[in-house]
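Reviewing the structure listed below.
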Amino acid sequence: MTEIEIKGWCPGALRPMRSGDGWVVRVRPRLARLTRAQALGLCDAAQTYGAGLIDLTNRANLQIRGVGDAALGPLQDALAGLDLLDSDPDLESRRNILIAPDWRDGDDSARLWTELADRLAELPQLPPKMGFAMDAGPAPVLAGDPADFRIERGQGGLILRAEGRAFGMALPHGREIDSLIRLCRWFVDTGGAQSGRMARHDAALPDWGIWDAAPVPARAPFRAGSTPAGLAVGAAFGQIIAQDLAQALAATDVSGVRVTPWRCLVLEGLTGAPALPDSLIATPENPALRVDACAGAPLCPQASVETRALARELAPRVGGSLHVSGCAKGCARVRAADITLIGRDGRFDLVLQGRSDATGLTPDQILTRFERS
C-alpha cells in the first residue's frame, strides 16, 4: 500500500504547496470577500500563471492550481498588486478565520474578524491547522465548519465557545478578542499543542470563565440560489473555471464576491439568476452540488485513483451526500457522507453510512452497483 503523507499544514500564497500539477497557491481574502476588481484580477492571474482553475476550500479560501516554478514569483507579485498578499508567511498561516458570509459593514462578525486579523501577532504559537469562526449573526451558520475557537450568538449576547464543548462563556462588548486570545494562551499552557486541535484537548476549561452559555440554534448553510447577501453559485467539486467566473462578472453589475466554506460563492447585488456559464451552478437541486471529490490522481501525488470523472458520473445515480476521496486522508470533506469512496492501490473501498461495505472496487463495479433507477 502507498504510504500517505500528512502535510500537517495548509498552503498559502507566500508558502505554497507542491502538488502533481505544480504549485497550489492559496489566497485568503480579508473578510472572505473580493472586490469586483480583485475577483477579475484573480481570474486573470489564474489563467496567466496557473491552469485557469480556482478551487474553493472548506475554510472559505481560494486556491490557484497548476502554477509552474517560473510563474510563482510573478503570480505572487500580481496578488500583491491586488492587495491579496500577507506581509509574511507567519501571519498568513495564522489567519485562519471563518466569517458568517452574510456579514454587513460594521456588524459584530465583521468587527471581530477585523480585530482578530489585526491582533494575530498576540496569539501564542498554535498548531498549524487551528482556526477561528466569527459567527456573530442572528444565529450561528458555521457550526458544522472547521474552527477551534468560536465567537457566536447566545441567548443573552455573544459567547466564546471552544470546539468540542457544548457551552461557552458570555462576552463583554469590546473585550471579545481579549478573551479569545486568553483562551488560546490557556490552550497552549495546558498542553493543547500536543493534542493538535481544541476538540481533542480534554483539559478542563479555565476557571477565569463561566462556561454555561449555550449558542442559539444554528441556521442552515447557504445553498445555491438567492441569499440575503446576493446570488450564491456553486461549482462541481468546488472548482471554478476562472474564465467562466470572469465572464459572469463582466456580464453583471456584481459589486463583490464572497467566499463561503460550502464551496460556493456569493455574487453580491444579484437578486435573480442571470444566464451563467455551465460551471457556475445556481440551482440547489443540481446533483453535482451533493458531491465532494478531491483533485485525485494524477493531480495529487497522495492519490492512487482518478476521482472527479467517477464522481460526476455517479452523482445522478445516488441520493444523499457523496464523497470520493483519492486516498485515506479525505481532504475534500470534513463531515461523514452518506456514501464514501476511498482510493487505495488503484481501486476504491466503499463506505455506506459510516460502515465499510466493500473493498477493492473498480469504477465500473461501482457504477454497476449504483445503476440508474
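Given the structure is predicted, the values throughout are model-derived calculations rather than measurements. All residue numbers refer to positions in the sequence shown, counting from 1.
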Going by salt bridge (charged side-chain N to carboxylate O under 4.0 Å, His left out), name the pairs with one or both residues in residues 276-295, residues two or more places apart or in two chains.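 For residues 276-295: R263-D292, D292-R333.
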With sequence neighbours excluded, give me every salt bridge (charged side-chain N to carboxylate O under 4.0 Å, His left out) pair touching residues 105-117.
->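 Pairs touching residues 105-117 that pass the test: D108-R111, D108-R153, R111-E176, E115-R119.
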Sequence neighbours left out, what pairs pass ring-ring contact (aromatic ring centres under 6.0 Å, His included) with at least one residue falling in residues 234-262?
->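 Listed once each, the pairs are F222-W262.
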Distance (rounded to the nearest 0.5 Å) between [X] [atom1] and [Y] [atom2]:
| X | Y | atom1 | atom2 | answer |
| --- | --- | --- | --- | --- |
| S226 | L231 | OG | CG | 7.0 Å |
| D135 | D145 | CG | CG | 8.5 Å |
| D83 | R30 | CG | CZ | 8.0 Å |
| I339 | L322 | CD1 | CG | 6.0 Å |
| C264 | L56 | SG | CG | 8.0 Å |
| T359 | D345 | OG1 | CG | 11.0 Å |

Side-chain donor/acceptor of [X] to backbone N/O of [Y], under 3.5 Å:
| X | Y | value |
| --- | --- | --- |
| R161 | E152 | no |
| W211 | P206 | yes |
| R219 | A139 | yes |
| T307 | C294 | yes |

Only distances under 3.5 Å count here; give the side-chain donor-acceptor pairs of residues 240-252 to other protein atoms, sequence neighbours excluded, each with its distance to 0.1 Å.
from	atom 1	to	atom 2	distance (Å)
D244	OD2	S279	OG	2.5
T252	OG1	A248	O	3.0

Q: Could you list who else is in I342's hydrophobic cluster, with ILVMFWY side chains joined at under 4.5 Å, directly or through other members?
A: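 Besides I342, the hydrophobic cluster comprises V351, listed by chain and residue number.
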Contacts of D202 meeting salt bridge (charged side-chain N to carboxylate O under 4.0 Å, His left out) (sequence neighbours excluded), chain-then-number -> none
Run the side-chain donor-acceptor check on residues 65-72: report pairs under 3.5 Å with partners two or more places apart or on a different chain.
from	atom 1	to	atom 2	distance (Å)
R65	NE	D21	OD2	3.1
R65	NH1	D55	OD2	3.4
R65	NH2	S19	OG	3.2
R65	NH2	D21	OD1	3.1
D69	OD1	R18	NH1	3.2
D69	OD1	R18	NH2	2.9
D69	OD1	W23	NE1	2.8

Item checked: Worked verdict on R94 versus D90 for salt bridge (Lys or Arg N to Asp or Glu O under 4.0 Å) -> CA-CA 6 Å; R94 291 170 177 244; D90 181 57; 3.2 Å; yes
In L62, L267, L40, the residue satisfying side chain to side chain contact (heavy atoms under 4.5 Å, CB included) with V257 is L267
For residues 192-201, dump all side-chain donor-acceptor pairs below 3.5 Å to protein atoms at least two apart in sequence or in another chain.
from	atom 1	to	atom 2	distance (Å)
R197	NE	D148	OD1	3.0
R197	NE	D148	OD2	3.2
R197	NH2	D148	OD2	3.0
R200	NE	S195	O	2.9
R200	NH2	S195	O	3.1
H201	NE2	T190	OG1	2.8

| query | Taking it one step at a time, do I366 and L350 satisfy side-chain contact (heavy atoms from CB on, under 4.5 Å)? | reply | CA-CA 9 Å; I366 293 166; L350 172 64; over 6 Å; no
field: R369 and D364: CA distance, side-chain angles, deciding distance, side-chain contact (heavy atoms from CB on, under 4.5 Å) verdict
entry: CA-CA 9 Å; R369 170 76 178 266; D364 285 344; over 6 Å; no
For residues [X] and [Y], determine if any side-chain heavy atom of one lies less than 4.5 Å from a side-chain heavy atom of the other.
| X | Y | answer |
| --- | --- | --- |
| L160 | R150 | no |
| P298 | E306 | no |
| M134 | L180 | yes |
| P284 | L289 | no |
| T362 | Q365 | yes |
| L91 | S93 | no |
| P316 | F370 | no |
| Q63 | V27 | no |

Before you tell me yes or no, could you show the steps for V25 and L79 under side-chain contact (heavy atoms from CB on, under 4.5 Å), namely the whole-Å CA-CA distance, both residues' side-chain angles and the distance that decides it to 0.1 Å? CA-CA 10 Å; V25 177; L79 294 176; 4.1 Å; yes
For D118, is the CG atom crowded, meaning more than 12 foreign heavy atoms sit under 6.0 Å from it? yes
Just wondering, more than 12 heavy atoms not from R312 lying within 6.0 Å of its CZ?
no
Worked check of salt bridge (Lys or Arg N to Asp or Glu O under 4.0 Å) between D349 and R344 = CA-CA 7 Å; D349 297 337; R344 181 171 59 87; 2.7 Å; yes
Modelled atom types, side-chain donor and acceptor of S321 and D338, under 3.5 Å = yes
By side chain to side chain donor-acceptor pair (under 3.5 Å), which residues pair with [X], not counting sequence neighbours?
| X | result |
| --- | --- |
| R355 | none |
| T227 | none |
| R95 | D86 |

Practice problem: Tell me, with the steps shown, if E268 and R33 meet side-chain contact (heavy atoms from CB on, under 4.5 Å). | Solution: CA-CA 10 Å; E268 290 182 352; R33 180 185 185 270; 2.7 Å; yes
Fill in: Over all atoms of both residues, closest heavy-atom pair of A229 and P101
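Nearest heavy atoms, A229 then P101: CB-O, 4.1 Å.
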Report task. Begin from the C-alpha positions of R26 and E92 and carry the test salt bridge (Lys or Arg N to Asp or Glu O under 4.0 Å) through to its verdict. Result -> CA-CA 10 Å; R26 179 173 292 189; E92 175 186 67; over 6 Å; no
Connected via hydrophobic side-chain network under 4.5 Å: [X] and [Y]:
| X | Y | result |
| --- | --- | --- |
| V259 | W113 | no |
| I281 | L265 | no |
| I159 | I151 | no |
| W103 | F132 | yes |
| L158 | F167 | no |

Quick one: side chains of residues 43-54, donor-acceptor pairs under 3.5 Å with protein atoms, not counting sequence neighbours, listed by atom name and distance.
from	atom 1	to	atom 2	distance (Å)
Q47	NE2	C43	O	3.2
T48	OG1	D44	O	2.8

